[in-house]
Structure formats: structure tokens, C-alpha cells
Amino acid sequence: MSIKNKFITFIHDLQNEICQALEQIDGKATFQEDVWERPGGGGGRTRVIADGNVFEKGGVNISVVDGDLPPVMAEQFGVENTQFMACGISLVIHPINPFVPTVHANFRYFELYDQNGELKDSWFGGGADLTPYYLEEKDGSHFHRAFKDACDPFGSELYPMYKKKCDEYFVNKHRNNEARGIGGIFYDYLRPDGEKNAEELLAFSKANGNAFLKAYLPLVEKNKNVVYDESHRNWQAYRRGRYVEFNLIHDRGTLFGLKTGGRIESIFMSLPPIARWEYDFHPVSGSPESQLLEWLKPRDWINV
């Protein structure tokens with residue numbers, strides 16, 4: 001089986017596993033499935049959960065699209081008359097309780113072909129990051145450690161490197177480089193080379209995809225019944241506003257989908273159902289909300 005088909009099989013299985021686990025922990029809501037086709041080639045399977053006991057809105061999507069590489073992307077890659085194939089799983093989960101973090105993850109694989117259909121280039125990308133509203137330090141440590149454990153068998157240097165890339169990527173540059181959350185890992189353009197072949201890169205991506213539930217579910221289980229009030233929800237909505245800003249201004253996946261004629265409903269699935277903006281708002285010094293802003297600064301989450 002080709003690398004492409006192995007990865008496609010993996011993301012289908014992972015989507016099923018994640019959706020089943022999230023439905024079980026929610027206890028009420030179930031995922032609604034929407035199978036769609038892309039006019040230029042390929043399609044996907046969008047699954048959305050909403051109005052549950054635990055999850056206010058979330059989506060776990062897979063897509064396998066192909067065809068002519070759109071001109072804007074061809075210019076970016078420096079190629080002409082090129083065919084492409086892109087496949088991946090992307091998820092965003094927005095819980096109701098402000099003490100349960102929002103989470104995002106995606107794992108993807110890309111191929112470029114010449115006019116004769118011969119493979120010219122290929123690479124893996126992906127990662128996961130956590131966006132809390134209230135946080136206990138050990139919860140942040142748990143999330144990061146799960147992905148460190150996934151990375152370490154492939155090289156002890158990988159987690160620190162990809163953690164740093166995540167810290168650098170998920171920031172609102174227009175907000176003085178304020179982080180969206182506490183990060184995780186982020187990697188892109190992992191190409192087969194003399195050091196690692198495609199099978200090894202596939203195994204690395206699968207290990208990180210399989211680490212997602214280990215990283216996230218314990219945080220949901222621990223915090224889903226914490227008592228909260230309207231002030232907690234207001235802070236959650238305010239921080240969700242920052243999430244929206246990042247996704248619409250900076251996120252490469254969102255921009256890729258828009259530039260390649262992606263399915264709008266699937267692209268904007270990542271946005272929360274409720275967000276708010278307040279003019280020049282600053283939390284009270286010494287409050288849990290101000291503590292969160294300190295947690296957002298790049299830090300060592302493993303050795304805490």
C-alpha cells in the first residue's frame with residue numbers, strides 16, 4: 001500500500017476513534033455527518049457535534065482532495081502545471097465549561113505531481129495545541145508530556161523543536177505576539193530525505209495523531225463538572241475572540257482552504273459559537289484570568 005493510502009486509512013480510523021470517545025464523554029450529543037465532494041476533485045467527511053452536556057460545538061473533519069494546483073498555491077511553491085493531492089484530519093473542540101480547554105489538532109499529508117502524474121514532492125505536517133481559559137499548571141504539563149512521549153521514540157530533539165515552532169506559530173502578531181493558548185507541537189514540510197524515509201515520517205505522524213486522546217480526554221474528565229458562573233463564561237467568550245482573530249488572520253490552514261476553493265462550512269467549523277470583544281480590556285491583577293495570560297508566555301511545561 002502506498003504512503004498516501006496508508007495515511008488516508010489512518011485518518012479515517014482516527015476520525016472514528018476520536019468521535020466515539022468524545023460522544024462517550026459527552027453523554028448526550030452525537031456527531032452529525034456530512035459527506036461532501038469538491039468540484040475540482042476529491043471530497044471529505046465532516047462531523048460536527050453541538051449542544052451537548054460537555055461540548056458546545058466541535059468538529060472532526062477529514063478530507064482527501066486532488067486536482068490542478070490552484071495558481072496562488074503554484075506560485076507559492078514555485079511550480080507550474082502541477083497536480084496535487086492533500087489529505088488530512090482536522091479537529092477543533094469548544095467545550096461549554098470554561099474550565100475545560102478548547103483544543104485543536106490536525107495531521108496532514110501532501111503530494112505534488114508533474115504533468116505525467118509522477119510524484120515530484122511530498123511532505124507531512126501537523127500538530128496539536130491547547131487553548132485554556134482557566135488552567136492548573138499540571139494540566140498544561142499533562143498535555144505537553146503526552147506529545148513529548150509521542151515524539152521521543154523518533155528523536156529526543158523533536159519535541160523541543162516542534163514545541164518551539166508551535167509557540168512561534170500560534171500567536172496573534174497584531175496583538176503584540178500574544179499566544180492563542182499554551183501551545184503543544186507543530187511541524188510542517190517533513191519530507192523524506194537521507195535521514196528519514198516516508199515510512200518513518202508516516203509512523204511519526206501516526207504516533208502524534210494517536211496521542212491526541214491521551215493528551216485531551218483526562219483534562220475533559222477532570223474539569224467538566226467544575227462549577228462556573230456568568231463571569232467565567234464572559235472570560236471564555238473574550239478569549240475565544242482571540243481564537244477567532246488568529247483563525248481568520250493568520251492560520252495557514254484556513255487561508256489554504258479559502259484560496260483553493262475549499263468547503264466554507266468545513267473551514268469555518270473551527271470558529272466558536274459565541275465570542276466577544278471588549279475595548280482595551282485587562283483582567284484584574286492577581287486574578288485567575290491574569291494568571292492565564294502569564295501561562296500563555298512560552299515556557300517549559302515538562303519540568304514543572
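Only this structure's heavy atoms are used, side chains among them; waters, hydrogens and symmetry mates stay out.
By the 4.5 Å heavy-atom criterion applied to side chains, H142 and R145 are not counted as neighbours. The shortest side-chain heavy-atom distance between E200 and L190 does not fall under the 4.5 Å cut-off. Side-chain contact between N247 and R180: present, with at least one pair of heavy atoms (C-beta onward) separated by less than 4.5 Å. Taking the side chain as every heavy atom from C-beta outward, N61 and N106 never approach each other to under 4.5 Å. In this structure, the side chains of P132 and D139 stay at 4.5 Å or more apart for every pair of heavy atoms. Side-chain contact between Y187 and Y169 is absent, with no heavy atoms from C-beta onward closer than 4.5 Å. Side chains of K206 and L14 form no contact here, defined as non-hydrogen atoms less than 4.5 Å apart. Counting heavy atoms from C-beta on, the side chains of P298 and K164 never come closer than 4.5 Å.
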Would you please test E221 and I25 for side chain to side chain contact (heavy atoms under 4.5 Å, CB included) and show each step? CA-CA 7 Å; E221 190 65 49; I25 203 168; 3.4 Å; yes

Output, in order, the C-alpha distance, side-chain angles, deciding distance and verdict of salt bridge (Lys or Arg N to Asp or Glu O under 4.0 Å) for R240 and E56. CA-CA 13 Å; R240 282 176 170 181; E56 188 169 17; 2.8 Å; yes

Yes or no on side chain to side chain contact (heavy atoms under 4.5 Å, CB included) for I3 and S122, after CA distance, side-chain angles and deciding distance? CA-CA 10 Å; I3 293 295; S122 64; over 6 Å; no

As a quick check of understanding, evaluate side chain to side chain contact (heavy atoms under 4.5 Å, CB included) for H12 and I62, giving each step before the final call. CA-CA 7 Å; H12 276 84; I62 57 172; 3.4 Å; yes

Worked verdict on N16 versus R47 for side chain to side chain contact (heavy atoms under 4.5 Å, CB included): CA-CA 10 Å; N16 290 335; R47 288 181 180 171; 2.9 Å; yes

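Taking CG of L130 as the start and NE2 of H104 as the end, the distance is 12.0 Å to the nearest 0.5 Å. Taken from CD in Q291 to OG in S285, the straight-line distance is 10.5 Å, to the nearest 0.5 Å. Note that the SG atom of C19 and the CG atom of L91 stand 8.5 Å from one another [nearest 0.5 Å]. To the nearest 0.5 angstrom, I185 atom CD1 is 9.0 Å from L158 atom CG. Atom CG in D66 sits 8.0 Å away from atom CD in Q83 (nearest 0.5 Å). I93 CD1 to I49 CD1: the interatomic distance, rounded to the nearest 0.5 Å, is 7.0 Å.
Between the side chain of R191 and the backbone N or O of D121 there is no donor-acceptor pair closer than 3.5 Å. The closest donor-acceptor contact from the side chain of N97 to the backbone of V226 lies under 3.5 Å. Checked by atom type and distance alone, the side chain of Q15 pairs as donor or acceptor with a backbone atom of R45 at under 3.5 Å. Formation of a donor-acceptor pair under 3.5 Å by the K224 side chain with backbone atoms of F55 is not found in this model. In this structure, R233 contributes its side chain and I96 its backbone to a donor-acceptor pair below 3.5 Å. A donor-acceptor pair is defined here as one N or O able to donate and one able to accept, closer than 3.5 Å; such a pair exists between the side chain of N223 and the backbone of L219. Looking only at distances, no side-chain donor or acceptor of N116 sits under 3.5 Å from a matching main-chain atom of E118. Not one N or O on the side chain of W295 forms a donor-acceptor pair closer than 3.5 Å with the backbone of I182. No donor-acceptor distance shorter than 3.5 angstrom exists from the side chain of D34 to the backbone of T46, with no hydrogens or angles considered. D26 places no side-chain N or O within donor-acceptor distance of the main-chain N or O of L22, the cut-off being under 3.5 Å.
Results of the ring-ring contact (aromatic ring centres under 6.0 Å, His included) test with W123 over F84, F110, Y109 single out F110 as the only residue that passes.
I89 and V48 fall into different hydrophobic clusters, where Ile, Leu, Val, Met, Phe, Trp and Tyr side chains are chained together by heavy-atom contacts under 4.5 Å. I18 and V64 fall within a single hydrophobic cluster, where Ile, Leu, Val, Met, Phe, Trp and Tyr side chains are chained together by heavy-atom contacts under 4.5 Å. In the hydrophobic clustering of ILVMFWY residues, with side-chain heavy atoms under 4.5 Å counting as a link, Y228 and I274 come out apart. Both F143 and L213 belong to a single network of hydrophobic side chains, linked directly or stepwise wherever heavy atoms of I, L, V, M, F, W or Y lie under 4.5 Å apart. Transitive grouping of hydrophobic side chains (ILVMFWY, heavy atoms separated by less than 4.5 Å) keeps M269 and F246 in distinct clusters.
Here the closest heavy-atom approach between residue V244 and residue P272 is recorded as CG2-CD, 3.6 Å. For V100 against P95, the heavy-atom pair with the smallest separation is CG1-CG, 3.4 Å. Shortest non-hydrogen contact noted between C166 and G184 is SG-N, 3.3 Å. Residue F212 comes nearest to F147 through the heavy atom pair CA-CZ, 4.0 Å, listed as atom of the first residue, atom of the second, then distance. Looking at every heavy atom in both residues, A150 comes nearest to A211 through CB-CB, 3.9 Å. Here the closest heavy-atom approach between residue I249 and residue L255 is recorded as O-CD1, 4.2 Å.
Aromatic ring pairs are classed by plane angle as parallel below 30°, tilted from 30° to 60° and perpendicular above 60°; the pair F204 and F154 is perpendicular. Taking the six-membered ring where the residue is Trp, Y134 and H232 present perpendicular rings, their angle passing 60° and hence far from 30°. Ring orientation note: the planes of F124 and F7 are nearly perpendicular, at an angle over 60° on the 30°/60° scale. Aromatic ring orientation, F170 versus F186: perpendicular (interplanar angle above 60°, classes split at 30° and 60°). The aromatic rings of H144 and W301 sit parallel to each other, their planes meeting at less than 30°, with 60° as the upper class boundary.
Judged by distance alone, the side chains of R242 and N172 never bring a donor and an acceptor atom under 3.5 Å apart. No side-chain donor from either of S270 and Y243 sits under 3.5 Å from a side-chain acceptor of the other.
Heavy-atom neighbours of K196 NZ from other residues, nucleotides or ligands within 6.0 Å: above the threshold of 12. The number of heavy-atom neighbours closer than 6.0 Å to CD of E265, taken from other residues, nucleotides and ligands shown, is 12 or below. Atom NZ of K214 is surrounded by 12 or fewer heavy atoms from other residues, nucleotides or ligands within 6.0 Å. Atom CG of D114 has more than 12 heavy atoms from other residues, nucleotides or ligands within 6.0 Å. Within a 6.0 Å sphere centred on NZ of K138, heavy atoms belonging to other residues, nucleotides or ligands number 12 at most. Counting non-hydrogen atoms of other residues, nucleotides and ligands closer than 6.0 Å to CD of E230 gives a total of 12 or fewer. Enclosure of atom CD in E195 is not indicated, since only 12 or fewer non-hydrogen atoms of other residues, nucleotides or ligands lie within 6.0 angstrom. Annotation: Q20, atom CD; neighbour count of heavy atoms from other residues, nucleotides and ligands within 6.0 Å does not exceed 12.
For the pair R38 and W36, the cation does not sit on the ring face, since its NZ or CZ is not both under 6.0 Å from the ring centre and inside 45° of the axis.
Remark: E178 engages R239 in a salt bridge, criterion side-chain N to carboxylate O under 4.0 Å. In this structure, E137 pairs ionically with R299, as a charged nitrogen and a carboxylate oxygen lie closer than 4.0 Å.
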